[in-house]
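Each chain gets a letter, A, B and so on, in the order the sequences are listed, and its residues count up from 1.
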Amino acid sequence: MQQMYSNNKIRTKRSMTGNGLAKPPLFSLENISVTYGRIKALSEINLKISKGEMIFLTGPSGSGKTTLLKLLTKDIKQTSGKLSFHGPDKLFVAPVYQDLKLLENQTVEENLWCAYDKKIYGTKKYFASEVKELTHLLAMQNRMDLKVSLANGGLRHKTAFLRALLTRPDVLIADELTASLDYDNARKMYDILNLLNVKRGLTVIWATHNRDLINKFSGKIIHLDNGRIIHSGQSCFM
Amino acid sequence: MFYVEHIINILKRTIFLSLAFMITTMFLFNYLAFRTDIESKINHFVASKIAKPHFFGLIDNKVNVQAVRRKLVGLPGIAGVSTVDDTKIKAKVSSIISGLDESLSYDDMKLSYSGLKIIFDPEIRNKGQTLLRNYLVRLVGEDNVILGPVLSSNRQDSTTSKWIRGWGYLFVLVSLSVFWLMLTSQFVYRVFFESKVIEKFKRTNYVAEKSCLILVCSLSLIIVLPQLMIKGTVDLISLGVFALSMFLMTILFNTKKWI
């Protein structure tokens, strides 16, 4: 299984089945602007995000990445412009926030169990087996009983990532997901997302200011600066 | 079931806060329900302990003083009867005797008295007090008893009693309410924060509101049970005040941006 997650074949497969085909957009942003008082965080953004896309949102700090993600998770509303959601009746977007929003006084395992949904998993046993598998992949199976408030940055990021992933979302939105992680762990996360992208058509929107990292991954890059999209295209990896 | 589990988990994780919150809720809203009864009992207690018209009686020791005391205690209009320390009586009588004639002493007089302090009910009028004093005289025999005058409560006692009646209950009610508000806001904050985070990872909405509704229902039981056990009826006003307070707090927390 681990071998499968890190296999380059997956990348090839996704590039054929995922990005290669024209798909209807899940999100349509037309002339979207967001202002906080006098500050213009986003300025006339036009963007379409289709199902199964793997998007890396890049740009310097304060370029509007987080604001754009918060728009997509419906945590804020645009000041002007039109934002449309398409796709399934109940499009489920799972966020990994920059500040993670973990339940600090709970253990890692309890935080992961937030994602348990009977309608999706049926039995708790099935959910537990998925938790076990994914935690094993990220080498955190021995720290499940640790209180989140005592966990290090890497473990906190992994917990937030898995919690979002375990909800079986249609779209996963991650803000600075790998901020506290080394390259190997970031790679593992990318591989898991990559596999789910291919297997389930998971749409991933991943904001980061680490351009070196995303150049090693495949996907579409949207570069923001000063609240505007200044570049959109495939990563150098491709 | 999920919402019940969610609330139970929060209760378990914040055990001290939860216990304090539940106990204060029970006390505050049952105090509101039983306010009249509680205050009348406290008034009675305070009156008997602080504001107390009373008189002293010296009774010859050939009479069974304890039997007299028991009989008096059972009478309506008597708030309490206590025996007075022998040494106090001796000192007092000695000073009176020596004032009459310096050569006389208490021991020479061969006096043998026991003292009783008879405390009237504060509500009893002068006529009632006289009747009770006459009853005591008839009970022990006129020759065997010396009664002192009825002493009214002193000014300080009356001031304390008045303050308790006027401001004391208000002070208790306001203090208890402020404490309850602090605990409730802490607890509801916790429920809201955890619920709003969980809501982001569940395909369901209004987790916080539904959890608060379950909390209100459970706490209503805690409030209602003592009322049913003691009175046999439910005080709808206290229950309404509780539900309204929780409702307003839920609305207040709902306006906050959590994520």
For side-chain contact (heavy atoms from CB on, under 4.5 Å), just list the numbers for Phe2(B) and Lys118(A), CA-CA rounded to whole Å, side-chain angles, deciding distance to a tenth of an Å, and then say yes or no. CA-CA 10 Å; Phe2(B) 159 71; Lys118(A) 201 176 176 184; over 6 Å; no
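- Residue Lys196(B) does not touch chain A at all, counting heavy-atom pairs closer than 4.5 Å.
- Within residues 22-41 of chain B, no residue has any heavy atom closer than 4.5 Å to a heavy atom of chain A.
- Within the 4.5 angstrom heavy-atom criterion, no atom of Leu166(A) approaches chain B.
- Atom NZ of Lys202(B) has more than 12 heavy atoms from other residues, nucleotides or ligands within 6.0 Å.
- Atom CZ of Arg143(A) is surrounded by 12 or fewer heavy atoms from other residues, nucleotides or ligands within 6.0 Å.
- Within 6.0 Å of atom CD1 in Ile237(B), 12 or fewer heavy atoms from other residues, nucleotides or ligands are found, so the atom counts as exposed in its surroundings.
- Counting heavy-atom neighbours within 6.0 Å of Tyr36(A) OH, excluding the residue itself, gives a total above 12.
- Counting heavy-atom pairs closer than 4.5 Å to chain B, the top-ranked of the candidates Pro95(A), Ala115(A), Ala94(A) is Pro95(A).
- Residues Arg203(B) and Ile120(A) form a side-chain contact, since some pair of their non-hydrogen atoms from C-beta on lies under 4.5 Å apart.
- Under a cut-off of 6.0 angstrom, the local environment of CG in Asn105(A) is crowded, with over 12 non-hydrogen atoms contributed by other residues, nucleotides or ligands.
- For Ile39(A), the CD1 atom counts as loosely surrounded, since its 6.0 Å shell holds 12 or fewer non-hydrogen atoms of other residues, nucleotides or ligands.
- Among Lys70(A), Lys74(A), Gln106(A), Lys119(A), the residue with the largest count of heavy-atom pairs under 4.5 Å with chain B is Gln106(A).
- Taking a 6.0 Å sphere around NZ of Lys77(A), one finds it holds 12 or fewer heavy atoms contributed by other residues, nucleotides or ligands.
- Looking at every heavy atom in both residues, Phe193(B) comes nearest to Leu103(A) through CE2-CD2, 4.0 Å.
- A donor-acceptor contact shorter than 3.5 Å is absent between the side chain of Lys200(B) and the backbone of Ala164(A).
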